[in-house]
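Residue numbers begin at 1 in each chain, while the letters A, B, ... track the order of the sequences.
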Number of protein chains: 2
Amino acid sequence: MFSKFFTLSYTRVRRRFMRSSKTGIKWMLRNKELPLMVIASGLFTKEVHAEAKQNLDTIIKNFMAEPVTPRETLEQESEEMRVKMELMIMGIQAEFCRALEKEENEFPTKFKVDRWTRTEGGGGVTCIIQDGHVFEKAGVNISVVHGNLPPGAVAQMKSRGREFQGSTLPFYALGISSVIHPRNPYVPTIHFNYRYFEVKTDNGVHWWFGGGTDLTPYYLNEEDSTHFHSSLKKACDKHSSEFYPKFKDWCDKYFFLPHRGESRGVGGIFFDDVDYPDKEKAFQFVTSCAKAVIPSYLPLVKKHKNDGYGLQERNWQLLRRGRYVEFNLVYDRGTKFGLYTPGARYESILMSLPLTARWEYMHIPQEGSPEYKLTEVLKNPKDWV
Amino acid sequence: MFSKFFTLSYTRVRRRFMRSSKTGIKWMLRNKELPLMVIASGLFTKEVHAEAKQNLDTIIKNFMAEPVTPRETLEQESEEMRVKMELMIMGIQAEFCRALEKEENEFPTKFKVDRWTRTEGGGGVTCIIQDGHVFEKAGVNISVVHGNLPPGAVAQMKSRGREFQGSTLPFYALGISSVIHPRNPYVPTIHFNYRYFEVKTDNGVHWWFGGGTDLTPYYLNEEDSTHFHSSLKKACDKHSSEFYPKFKDWCDKYFFLPHRGESRGVGGIFFDDVDYPDKEKAFQFVTSCAKAVIPSYLPLVKKHKNDGYGLQERNWQLLRRGRYVEFNLVYDRGTKFGLYTPGARYESILMSLPLTARWEYMHIPQEGSPEYKLTEVLKNPKDWV
């Protein structure tokens, strides 16, 4: 009987501990089996920790590199959102890189992996394919940085309507950011970025998520755009039916080049300042979005990577990549935030730039041409779903 | 006797009128020969105007296009600095374009000339060679714009320490701006820009000149850098021995990419807010600088345009052009001022971008290589004269 009860207690303690040590303790305190539980927990805490560690090791084994935060901290602070976020984005990085590598299978090309540290605090993992057969330049970057917010970066945030009280402003910023520039002009460029911020101010800790996924085709394929948007909508709808229309609209507004009066591409979703409905649910929403990248994009790569094309299509692709550079360097807040953050790794920030870009004076596509068809939709964003 | 005096008066009136009609009137009022002068001036004003007009026509005939300001206004307001400046920069544009065209003589290539108008006031003349044999992209742009200063542009000026009082802020901005990207990697890229501003505020009219000329080599040639800097120094020294050292230093500071910790090129001169010693002398100084462009640069084109090079040199040139794009789009005030000015002609602003640019992740030249030698001098600007 004792043995049976003991085994039961053991199993319960273990299960509870596996879920969360804090919840486990509360449960034990409420539980009548407390005296025996204490013995059981005392005996098995070591084993439970060993198992948690083993689970973490198994997760990390699949990553492209060792996470930025030491394993011990990841284990000890497993309930912190920054730890959950780091493990989530490292997982997404690995899944996405492996999926892209598979598309290069005829001429095996592997991601080059650079794990880097930032003197001021934190670091990152940058994965790059350059001059691949399918991907001319593909970058998937993780950054996990902390320190005190520099004035330039605060200015970038203030323009979003945030006013932080405090002189030092300690912060954590974690994110995954990726831009894929395929070689074939019929395969669109994709960009996605999911990030989490924490800023300690005189009025307490502020936190929020931001992110988005958007598509930049060189030639318009309505079926592809619809597939892409549907995948994102599906991910959003799981959380709130209000998200997709709101964030689709935000995306159209954000990825816009005022001086040219055109969008960067056919859009997708974009959001910032997401601190609703609560931290856990916001994280679940961001996770869904990040997980939607592969199903939204990989089918387009598979479908078009072997399409035939000539010099004219290549030239057009390079001109459009020039516009991509214009957007990223003139308007993109993420790029500016990066370049103005002291000690930022510019190679990782600028990996979003294409291998080659072109600027021709007064290049205006002929009316009715496939190139013209794209510019028309860039001037008048439409609903794809 | 009357006839002789009459002829004398005629010659004097004519001479005075040719100098300036305002000064001429003062002179006549002071002059004892007034009664006869009035008759003389009455009879010959028409002829004098005809001659002034003919002179203007002769000057304009050599320009790449009709000036932005109507000929009648140019004639009537010939004493205004904005008129003098417009005629000066239109002259420089024509001289420079013709000199470059001559370098293309083996495969005749002419500048494409676009005269454009700006709905909000003013316009410009953009001259472009694209895909030439010697010049891959060469742009020489004049803009003569006026209207009311937009908030974005005021912000760009305020960061220079200027605070303008007034709600509408009518302005005139005139300038010549040029970037030449040669095909041969041994011929450096040159940029120059000379401009004049006038802003009407509640406290009166503010005016100032700005400008500069700077060189961006792909491979370091110390002799070329010295020749280039000496030519600019000579132009500066005619006006003040303080100008060259001051403006050389300003140039090194301005054309600097903080995120890469390197200069754009080997510098030259750069200045802004020049309203000293007086308007006329400041104009003479700016004219000297503008006239120094051809002797500072053309010898380098002639010397290297037929140098042998291979794919490695071409690739390095394209990577350096990527840095050029980074500077122009992220940091250059002129580009920002342009892009934030409503109705600005972005094709003319962005003509400074190279035909092709390249970004490779983590491209670090091998220590001791010619490419490395260049990066060393970009990290540590030196004195060339």
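- Taking A:Leu319, A:Leu339, A:Leu318 one by one and counting their heavy-atom pairs under 4.5 Å with chain B, the maximum is reached by A:Leu339.
- Proximity to chain B is limited to the side chain of A:Asp131, based on heavy atoms less than 4.5 angstrom apart.
- Residues of residues 357-366 of chain B lying under 4.5 angstrom from chain A, judged on non-hydrogen atoms, are B:Ala357, B:Arg358, B:Trp359, B:Glu360, B:Tyr361, B:Met362, B:His363 by number.
- With contacts defined as side-chain heavy-atom distances shorter than 4.5 Å, the pair B:Glu326/A:Val325 does not qualify.
- When B:Arg260, B:Lys137, B:Met351 are compared by the number of non-hydrogen pairs under 4.5 Å with chain A, B:Arg260 comes out ahead.
- Heavy-atom distances place both the backbone and the side chain of B:Glu347 under 4.5 Å from chain A.
- When B:Thr356, B:Leu329, B:Val330 are compared by the number of non-hydrogen pairs under 4.5 Å with chain A, B:Leu329 comes out ahead.
- Put simply, of B:Leu355, B:Ile349, B:Thr335, the one with the most heavy-atom pairs under 4.5 Å next to chain A is B:Leu355.
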